[in-house]
Number of protein chains: 2
Amino acid sequence: MTGRQLSEKPSQLRSPLVLKLRTMVELTPGDVAALDALGSVRHHCAGGQTLFEADKRRTAAVLVHDGWAFRHRTLSDGRRQVIDFDLPGDLCDPTVFVTSRAGFSMQALTALSYSLVRAEEVLDLMTRSPRIGAAFWWADAHQEAITRAHLVAVGRMSAYERVAYLLWELWTRLRMIGLADGAGFEFPAGQDVIADAAGLSYVHLSRTLRRLDREGLLRRAGRNWRILDAGRLHDLVQITDGLQLNPLARRIQERLSR
Amino acid sequence: MTGRQLSEKPSQLRSPLVLKLRTMVELTPGDVAALDALGSVRHHCAGGQTLFEADKRRTAAVLVHDGWAFRHRTLSDGRRQVIDFDLPGDLCDPTVFVTSRAGFSMQALTALSYSLVRAEEVLDLMTRSPRIGAAFWWADAHQEAITRAHLVAVGRMSAYERVAYLLWELWTRLRMIGLADGAGFEFPAGQDVIADAAGLSYVHLSRTLRRLDREGLLRRAGRNWRILDAGRLHDLVQITDGLQLNPLARRIQERLSR
DNA sequence: GGCCTGCCTTAACCTGTGTTAATAATGCGG
DNA sequence: CCGCATTATTAACACAGGTTAAGGCAGGCC
């Protein structure tokens with residue numbers, strides 16, 4: 001829409017990748033330009049499309065610009081665990097830069113606009129700027145924290161708590177990128193997918209959502225979900241680390257920018 | 001024991017950190033010397049000791065030289081999920097280099113010999129050598145893969161499969177570092193800890209281990225566990241990624257060493 | 001050697017979640 | 001606005017795994 005300018009673009013027009021990495025590591029204008037270039041070629045696909053599959057070789061990460069996707073692993077008999085949802089600005093997964101095979105499959109949930117970030121380009125950038133290396137590593141660590149909390153939820157929480165946890169996580173992440181407000185958010189996933197994320201059957205997920213409704217925590221109208229009682233929801237959740245951004249970044253930045 | 005020599009030390013005397021990182025990224029003698037220095041101060045603690053706690057600030061990672069530890073997250077009512085076991089050579093967790101608070105607690109399982117690797121030192125090293133940065137990042141990505149597979153196991157596998165999965169994971173990792181052979185391994189954890197790793201009650205874990213025994217897959221004598229039928233065990237497991245080392249490293253190395 | 005203490009095992013029982021299947025919404029193309 | 005296909009809900013039932021509690025066994029200590 002707006003032409004590229006020589007000076008700083010207004011941040012609204014920045015690639016979501018830059019916005020995200022920049023929250024953690026202070027980037028020089030040169031870094032920003034290099035990162036912007038990474039996300040410059042846009043691809044599109046329809047909802048339901050598979051972007052890559054587990055155990056296949058890969059040389060590029062997927063940077064989501066617009067739409068939702070999810071990553072999952074499916075066992076030979078069809079049982080499926082959704083690892084995580086991917087939102088605009090998410091890099092799925094940064095691990096590809098140091099690893100050659102995907103540990104999971106990735107599928108678009110809605111129509112998706114994305115870029116492919118080639119591992120070689122990132123490694124080149126790393127050589128030139130340790131700040132960029134740290135920023136990508138941080139993005140990876142952030143995902144790791146999310147996965148870890150997910151493991152705790154699935155391993156040790158009841159269905160009710162687990163679903164609350166998932167809602168909380170998504171709501172928090174969406175608010176961070178301006179796609180949700182204090183009231184709630186649009187959640188484009190079907191209950192089968194949500195159930196596979198929570199490690200529940202879709203029947204029990206439905207029961208559980210109904211209970212959240214009945215008890216006044218959540219109200220749904222189609223894909224529009226409203227949080228009615230954030231306080232009680234948070235009480236159920238307990239683990240909220242892995243979601244908050246992390247102030248050590250300032251320290252990293254000082255170290256690396258010398 | 002043996003004095004430090006000017007030339008290459010025999011690899012048996014190398015820090016397990018170097019051995020591990022080197023499997024992935026080709027390191028220069030300078031890199032190796034720098035990494036060796038990281039693990040030079042040894043600390044010791046008794047089994048059961050807590051090394052750090054979730055949500056507390058940290059500035060150093062723990063590098064295990066000898067003994068077992070585990071990382072876990074405990075909910076306010078005492079329910080506990082073991083995230084992972086830490087074996088000699090493991091860096092727990094590399095995430096600290098880009099993150100300021102632990103997402104979990106760490107506890108020694110046996111008497112432990114370890115070093116503290118300060119984030120600042122690693123960041124300094126990264127500035128000097130992108131290879132070292134990539135190596136640490138890889139170590140982090142490797143842990144992430146393990147956690148992810150663990151999530152799938154806990155979320156979507158039956159108790160029987162899940163325990164098989166855990167055994168397989170530990171056995172594989174122990175063989176990689178020469179602490180297990182084709183027959184089995186020493187597993188110093190009590191059943192309460194193993195149960196919390198599998199996301200099961202210790203009673204059901206006991207039942208499940210008995211079943212593995214009854215069906216001829218596993219035989220235990222105290223802490224000594226022997227795998228009797230690796231083939232059938234592997235069939236139960238399905239997911240084995242995250243365990244194999246990864247040949248992309250060669251590519252990284254080429255890129256970074258120019 | 002006997003006791004104590006901390007595991008591990010077993011049994012009986014209970015409950016949360018899965019399964020199957022029928023019904024009700026919802027959304028979509030014509 | 002109707003009919004079809006998909007997705008969500010509900011109900012009835014089954015079962016994996018949790019809970020409680022009672023032994024058993026081994027190792028450490030006096």
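Numbers restart at 1 for each chain; the letters A, B, ... are given by sequence-line order, proteins then strands.
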Notebook entry, point to check: Taking the six-membered ring of A:Phe104 as reference, does the NZ or CZ atom of A:Arg71 fall below 6.0 Å from its centre and within a 45° cone about the axis?
Noted result: yes
A:His204 NE2 to D:dT9 P, in whole Å, measures 14 Å
Within the 4.0 Å heavy-atom criterion, would you say B:Ser158 contacts the bases, only the backbone, or no part of the nucleic acid? sugar-phosphate
| said: OP1 or OP2 of C:dC7 versus the side-chain N and O atoms of B:Arg223: is any pair under 4.0 Å? | reply: no
Between OH of A:Tyr202 and C1' of D:dT7 the distance, given in whole Å, is 9 Å
Pair A:Asp55 + A:Arg73: basic N to acidic O under 4.0 Å = yes
| Looking across every strand, which nucleic acid part, if any, lies under 4.0 Å from A:Leu209 by heavy atom: base, sugar-phosphate, or nothing? | nothing
So, for B:His43 and B:Tyr114, is the gap between ring centers shorter than 6.0 Å? yes
Of A:Gly222 and B:Arg156, the one whose closest nucleotide on DNA chain C sits nearer the 5' end is B:Arg156
Between A:Val237 and A:Met157 the two heavy atoms that sit nearest each other are O-CE, 3.0 Å
message = Looking at A:Arg207, I'd like to know whether one of its side-chain N or O atoms comes within less than 4.0 Å of OP1 or OP2 on D:dT9.
response = no
Of the candidates C:dG18, C:dT9, D:dT10, the side chain of A:Ser201 sits closest to C:dG18
dist B:Asp86:CG -> B:Leu91:CG (nearest 0.5 Å) comes out at 9.5 Å
note: B:Leu205, atom CG; C:dT9, atom P; distance rounded to Å ~ 9 Å
Among D:dG17, D:dT19, D:dA11, the one nearest any side-chain atom of B:Ala159 is D:dG17
Here the distance between atom C1' of D:dT19 and atom CZ of B:Arg79, to the nearest Å, is 15 Å
Side-chain atoms of A:Ser206 come closest, of C:dT17, D:dT10, D:dT19, to D:dT10
To the nearest angstrom, the CG-C1' distance between A:Asp213 and C:dA25 comes to 15 Å
In whole angstroms, the gap separating C1' of C:dG18 from CG of A:Asp196 amounts to 13 Å
Rounded to whole Å, CZ of B:Arg162 lies from C1' of D:dG18 at a distance of 12 Å
Tell me what B:Arg220 touches on the nucleic acid: a base, only sugar-phosphate, or nothing, going by heavy atoms under 4.0 Å. sugar-phosphate
Measuring to OP1 and OP2 of C:dT9, would you say a side-chain N or O of B:Gln191 lies under 4.0 angstrom away? yes
Separation of D:dT19 atom C1' from B:Asp192 atom CG, nearest Å, is 16 Å
